Amino acid sequence: MPRRKSTNDVDPGWRAALEETYSIDSPFVSVTTTGLNDGVGKAILRLPAPNPNSQLVAVIDDVYLAILNVSPQDGYLETAVSPPPPTPPTQNK
């Protein structure tokens, strides 16, 4: 499954709300797939965990926030994600 990980930022309101309680230690990333048959299967997302109390947070569709039950192992947080399939191109009729 060809995939692409890109660094980006979340809505400024989300960032401000998170920073009231948490320290943001790494950039926000998004995972997308490319190709006609992609979006099937899992991709492993591995991010640095600067301290043993680091947590992995998922922001979904800029609406939902989830703190994942993942503990740092050997300085990293690792989880399997299911990237969505790419949006199909618009077809002219």
Side-chain angles (χ1 to χ4, degrees):
M1 161 178 37
R3 57 194 169 274
R4 179 179 47 191
K5 182 179 95 172
S6 59
T7 302
N8 57 9
D9 209 352
V10 294
D11 176 80
W14 272 108
R15 177 176 274 284
L18 287 170
E19 288 177 331
E20 287 179 12
T21 306
Y22 300 100
S23 168
I24 298 174
D25 297 325
S26 64
F28 289 89
V29 297
S30 61
V31 178
T32 57
T33 57
T34 58
L36 295 176
N37 297 316
D38 290 327
V40 177
K42 301 275 186 184
I44 302 300
L45 186 59
R46 189 171 194 237
L47 301 169
N51 69 62
N53 296 320
S54 292
Q55 295 178 301
L56 190 57
V57 175
V59 178
I60 304 160
D61 296 333
D62 280 333
V63 176
Y64 305 103
L65 177 71
I67 298 175
L68 305 181
N69 188 18
V70 177
S71 298
Q73 298 292 320
D74 300 322
Y76 289 92
L77 291 162
E78 187 173 294
T79 190
V81 296
S82 298
T87 304
T90 306
Q91 296 179 351
N92 295 328
K93 293 187 177 194

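Note that the structure is a prediction, hence the values are computed from the model and not measured.
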Are Ile44 and Tyr76 co-members of a hydrophobic cluster defined by side-chain heavy atoms under 4.5 Å apart?
-> no
Look at the side-chain heavy atoms of Ile, Leu, Val, Met, Phe, Trp and Tyr, link any pair under 4.5 Å apart, and say whether Leu65 and Tyr22 land in one connected group.
-> yes
Does any non-hydrogen side-chain atom of Leu68 lie less than 4.5 Å from one of Leu77?
-> no
Mind listing the closest non-hydrogen atom pair of Glu19 and Ile24 along with its distance?
-> CG-CD1, 3.6 Å
Can you see which heavy atom on Ala49 is nearest to which on Pro72, and at what distance?
-> CB-CB, 3.8 Å
Asn51 atom CG: more than 12 heavy-atom contacts under 6.0 Å = yes
